[in-house]
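Shown next, in structure tokens, is the structure this report addresses.
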Amino acid sequence: MKLGSKLTNHLLLTLFSLLMLYPVIWWIGASLKKTEELSLPTLWPKTPMWENYIHGWQYSNDYTFAHFFGNTLLMEVGNVFGGVLTAAIVAYGFGRLDFKLRGFWFSVLLLTMMLPGQVTVVPQYILFNSFGFVDSYVPLVLPHFFGGGAFFIFLLVQFIRGIPRDLDMAAKIDGASVYGIFGWIIFPLIKPALVTVAIFTFIWSWDDFFSQVLYLSSVDKFTVGLALRGFIDQFEIQWGQLLAMSLLSVIPSVLIFLFAQKHFVEGIATTGLKG
């Protein structure tokens, strides 16, 4: 009976896996089809059009798709670094330091999570435009250096609160300052949460097409998302090249998730001594 139950579970898991993978399989096959073949109910083309990848990569006479990958990755370095560092600092303040109205300000922070992003779009654009930052990466990177986002701060605060304060007291006895406690005690112990923040920051900002199309207008500054839009014009859509390059565009996010997925289930042990 136990063997039959295991076989049933494995069969169901296999079926659900195939169901979830079907769109990806179709995507790969469609990226190798001619435009007229896309409407056919087949997963794989009769003659694979590898030229879709070659022509798609050779984006134009002036730029290849490698240029847009470079732009996006450069932006991501600033986003991840700023988001992780400042979120950790702010979370340390809420999780460990005692100051007036700490509970009130933390509640205000949590309330900002309920504020729709559309409400702040116009004020932010006016502000960045007045500083002359439009058509640059500053509006896309700078916000990550101001706490990284309320959700990430809240996540890190919960991790920090799980670390015993006895470690702080021991560090103080050894002469460590507030900054020393953060750098040598807290920061290393919240490594799993920091990796999680880095992964989410990377994926969310990589996929943030709206902000990119709002602030970037020069082709030489285009990100991957904006470059994909270039395959769509008023008269014709280069479906094969669009699907091919969009498939390549998800590879960085998939690789980062595969290599760092163990950190999603890692946490601080009950004593907070896990590094």
Side-chain angles (χ1 to χ4, degrees), residues 20 23-24 27 65 68-92 94 108-125 127-128 133-160 190-217 221-229 242 245-267:
M20 298 299 293
V24 179
W27 191 0
F65 221 79
F68 307 120
F69 268 106
N71 289 346
T72 312
L73 291 174
L74 179 64
M75 181 186 70
E76 291 293 342
V77 170
N79 290 345
V80 172
F81 175 78
V84 170
L85 180 63
T86 58
I89 293 173
V90 175
Y92 173 65
F94 281 120
V108 172
L109 174 72
L110 297 181
L111 285 174
T112 62
M113 296 173 62
M114 306 176 190
L115 189 66
Q118 293 83 355
V119 174
T120 60
V121 168
V122 174
Q124 282 184 349
Y125 185 87
L127 180 65
F128 285 128
F133 291 155
V134 175
D135 197 25
S136 73
Y137 298 121
V138 175
L140 303 174
V141 177
L142 187 61
H144 292 275
F145 281 84
F146 288 89
F151 172 75
F152 296 139
I153 295 173
F154 173 75
L155 175 67
L156 294 177
V157 166
Q158 305 314 306
F159 269 75
I160 292 173
I190 61 174
K191 177 185 174 183
L194 294 177
V195 174
T196 301
V197 170
I199 293 171
F200 276 115
T201 300
F202 182 93
I203 293 176
W204 288 353
S205 55
W206 185 279
D207 296 336
D208 186 14
F209 177 79
F210 178 77
S211 296
Q212 296 166 14
V213 76
L214 182 65
Y215 290 109
L216 300 178
S217 56
K221 296 185 178 70
F222 273 11
T223 59
V224 169
L226 295 181
L228 289 174
R229 189 186 61 168
L242 173 61
M245 292 302 101
S246 63
L247 183 62
L248 295 182
S249 72
V250 303
I251 291 178
S253 299
V254 173
L255 290 177
I256 286 177
F257 178 79
L258 290 177
F259 284 115
Q261 61 178 327
K262 65 178 182 179
H263 293 287
F264 283 106
V265 294
E266 269 190 36

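Just so it is clear, the structure is predicted and the values come from calculations on it, not from any experiment. Excluded from the calculations below are hydrogen atoms, water molecules and symmetry mates; all remaining heavy atoms, backbone and side chain alike, are included.
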>> Quick check for you: to the nearest 0.5 Å, what is the distance between Glu76 atom CD and Leu140 atom CG?
In response: 10.0 Å
>> Any heavy-atom pair between the side chains of Leu115 and Thr120 that's under 4.5 Å?
In response: yes
> Could you state the interatomic distance from CZ (Phe152) to OG1 (Thr86), rounded to the nearest 0.5 Å?
Replying inline: 10.5 Å
> Of the non-hydrogen atoms in Ala91 and Leu156, which two are nearest, and what is the gap between them?
Replying inline: CB-CB, 3.4 Å
>> As an exercise, state the distance from CG of Leu85 to CD1 of Ile89, rounded to the nearest 0.5 Å.
In response: 4.0 Å
>> Quick check on the 6.0 Å ring-centre criterion: do Tyr125 and Tyr215 meet it?
In response: yes
> Going from CG on Leu74 to OG1 on Thr223, what distance comes out if it is rounded to the nearest 0.5 angstrom?
Replying inline: 12.0 Å
>> Looking at every non-hydrogen atom in both residues, tell me the closest pair between Ala198 and Val80 and how far apart they are.
In response: CB-CG1, 3.7 Å
>> Within the 4.5 Å heavy-atom criterion, are Phe154 and Leu110 side-chain neighbours or not?
In response: yes
> So, do Leu109 and Phe94 sit near enough that their side-chain heavy atoms are less than 4.5 Å apart?
Replying inline: yes
>> Quick check for you: to the nearest 0.5 Å, what is the distance between Phe222 atom CZ and Leu216 atom CG?
In response: 7.5 Å
> What do you reckon, is CZ of Phe210 surrounded by more than 12 foreign heavy atoms closer than 6.0 Å?
Replying inline: no
> What are the two closest non-hydrogen atoms of Phe68 and Val224, and how far apart are they?
Replying inline: O-CG2, 3.7 Å
> Stepwise, does the side chain to side chain contact (heavy atoms under 4.5 Å, CB included) test hold for Trp27 with Ser246?
Replying inline: CA-CA 9 Å; Trp27 191 0; Ser246 63; 3.3 Å; yes
> Can any side-chain N or O of Tyr92 pair as donor or acceptor with the backbone N or O of Ile160 at less than 3.5 Å?
Replying inline: no
> About how many Å separate CG of Asp135 and OG of Ser217, when rounded to the nearest 0.5 Å?
Replying inline: 3.5 Å
>> Test of understanding: with side chain to side chain donor-acceptor pair (under 3.5 Å), list the residues that count as partners of Ser249, not counting sequence neighbours.
In response: none
>> Set out, in order, the CA-CA distance, both residues' side-chain angles and the distance that settles side chain to side chain contact (heavy atoms under 4.5 Å, CB included) for Gln124 and Leu127, then state yes or no.
In response: CA-CA 5 Å; Gln124 282 184 349; Leu127 180 65; 5.6 Å; no
> Below 4.5 Å, heavy atoms only, C-beta onward: do Phe159 and Thr196 meet side chain to side chain?
Replying inline: no
>> For Leu228 versus Leu242, what's the shortest heavy-atom pair and its separation?
In response: O-CD1, 3.4 Å
> Is the closest side-chain heavy-atom distance between Leu226 and Phe209 below 4.5 Å?
Replying inline: yes
> Should the pair Phe202 and Trp206 be assigned to parallel (<30°), tilted (30 to 60°) or perpendicular (>60°) ring geometry?
Replying inline: parallel
>> Tell me the closest heavy-atom pair linking Arg229 and Val213, and the distance in Å.
In response: NH1-CG2, 3.1 Å
> Looking only at atom types and distance, does a side-chain atom of Thr201 sit under 3.5 Å from a main-chain N or O of Gly83, one as donor and one as acceptor?
Replying inline: no
> Is the number of heavy atoms from other residues, nucleotides or ligands under 6.0 Å of Phe145 CZ greater than 12?
Replying inline: yes
>> How close do Met75 and Ser205 get, counting heavy atoms only, and between which atoms?
In response: CE-O, 4.2 Å
